[in-house]
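As a basis for the values below, the full set of heavy atoms in this structure was taken, side chains included, without hydrogen atoms, waters or symmetry mates. In what follows, chains are A, B, ... by sequence order, proteins preceding strands, each numbered from 1.
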2 protein chains.
Amino acid sequence: MMVVANKRNKEGKASMCCQQEFIRKLRERGFRLTPQREMVLSVLHDLEDHATVEEIHARVQKLNSAVDLATVYRTLELLQEFGLLAVIDLGDGLHRYELTSIHGSHHHLQCRRCGKLIRLEQHQLQPFLEALQQQLGFQAEAEHLIIPGLCQACQAEEAAQAHACAA
Amino acid sequence: MMVVANKRNKEGKASMCCQQEFIRKLRERGFRLTPQREMVLSVLHDLEDHATVEEIHARVQKLNSAVDLATVYRTLELLQEFGLLAVIDLGDGLHRYELTSIHGSHHHLQCRRCGKLIRLEQHQLQPFLEALQQQLGFQAEAEHLIIPGLCQACQAEEAAQAHACAA
DNA sequence: ATGGGTGCAAAATGTTTGCACCTTT
DNA sequence: AAAGGTGCAAACATTTTGCACCCAT
């Protein structure tokens, strides 16, 4: 029995390009593309940003409320093994996920004061990674670095605060 | 009642330099330096490398087996608030800790194949962090980045393996 | 006496696993 | 029939919390 898992195909976008890849990798190992797996993939596909397991599960349940959290975990694990899924750890004890094929390799600057995440594209990191290769022989495969610090706005506010204290 | 928490003072090294800092920050907030906190700090001080909570707890228990895990957690939390403690997440679900004052700001290159950690000093990262400031106005405070990739040895082995498959 | 700190046990959180049942091939 | 996949519940691991009691000021 097939469940409608991706309503967006009618829009004609090359939607779910990653589904082909997923199916291929599943078949390679004798695994199947089930409606549940399709739904998880679809939800991941539609994320503008990375999401936690709970968020993914909640969205999947809107499509079919019977889908279990354990199934979501199991599917995410598969996607990770296949290298299709990036795992992001912001240090708050929650893992966040996103499809690598959709968002491309990128990184985040995380403001420790306001929490804002600033996207950093792979190419902005490239010179640094190349230096690692040349100087240390290390071939970096950084897909998702989180660099903590202070965003521009918060730098200003902290400076203002320091002023106020001094006065 | 005072418990001997740091046997190494007799060696004459400027041992436990961080203890002064810890005491000062505690006092600032009306908190106390207890034997338990002293022991946790001492254990952290003697680590060659970062350690998990369990490892720290085990070492503290060698000094006084009554010390509770919860106390270790509470002390680590304090040290974090004071900015004296670096938390490292290698992605295996365990947090590792080390005193910033002892080991200095540094980072790690982590080989995804053999698991080896290669130390990367702060100054090796500096040009990149400065570029972030100049180009994006972001003031990075990266204290402990983990950059995944392949170490030199494993690059060679992967290449050899690829050859073998082709043949 | 006031308030911080501890140990202990319970709870909360996030994730994994065992298993009976269902589904696809 | 064989093998994979699911939902459910229980198990797990890590971390946090509530509380009675202890200790320092």
[N] [atom2] sits how many Å from [X] [atom1], rounded?
{"X": "B:Asp89", "N": "C:dG14", "atom1": "CG", "atom2": "P", "result": "15 Å"}
{"X": "A:Ile23", "N": "C:dT24", "atom1": "CD1", "atom2": "P", "result": "15 Å"}
{"X": "A:His95", "N": "C:dT13", "atom1": "NE2", "atom2": "P", "result": "17 Å"}
{"X": "B:His57", "N": "D:dT15", "atom1": "NE2", "atom2": "P", "result": "13 Å"}
{"X": "A:Glu54", "N": "C:dA12", "atom1": "CD", "atom2": "C1'", "result": "13 Å"}

Using a 3.5 Å cut-off and no angle test, enumerate the donor-acceptor pairs between side-chain atoms of residues 86-97 of chain B and protein atoms at least two apart in sequence or in another chain.
from, atom 1, to, atom 2, distance (Å)
B:Asp89, OD1, B:Gly91, N, 2.7
B:Asp92, OD1, B:Leu94, N, 3.1
B:Asp92, OD1, B:Arg96, NH1, 3.4
B:Asp92, OD2, B:Arg96, NH1, 3.4
B:Asp92, OD2, B:Arg96, NH2, 3.1

Across all chains, not counting sequence neighbours, the side chain to side chain donor-acceptor pair (under 3.5 Å) partners of A:Gln36 are none
Give a yes or no on whether A:Arg27 atom CZ has more than 12 heavy-atom contacts from other residues, nucleotides or ligands under 6.0 Å away. no
With side chain to side chain donor-acceptor pair (under 3.5 Å) as the rule and sequence neighbours excluded, what pairs involving residues 76-85 of chain A come up? A:Arg29-A:Glu81
With sugar-phosphate taken as primed atoms, P, OP1 and OP2 and all else as base, the protein-contact string of nucleotides 2-13 of chain D at under 4.0 Å (heavy atoms; B, S, -) is -BBSSBB-----
Taking only residues two or more places apart in sequence or in another chain, which ones pass ring pair (Phe, Tyr, Trp, His ring centres under 6.0 Å) with A:His108? A:His50, A:His106, A:His144
Determine: side-chain N/O of B:Tyr73 to OP1/OP2 of D:dT15, distance under 4.0 Å, yes or no. yes
In the hydrophobic cluster built from side-chain contacts under 4.5 Å, what are the other members alongside B:Phe128? A:Leu109, A:Ile118, A:Leu120, A:Leu125, A:Phe128, A:Leu129, A:Leu132, A:Leu136, A:Phe138, A:Leu145, A:Ile147, B:Leu109, B:Ile118, B:Leu120, B:Leu125, B:Leu129, B:Leu132, B:Leu136, B:Phe138, B:Leu145, B:Ile147
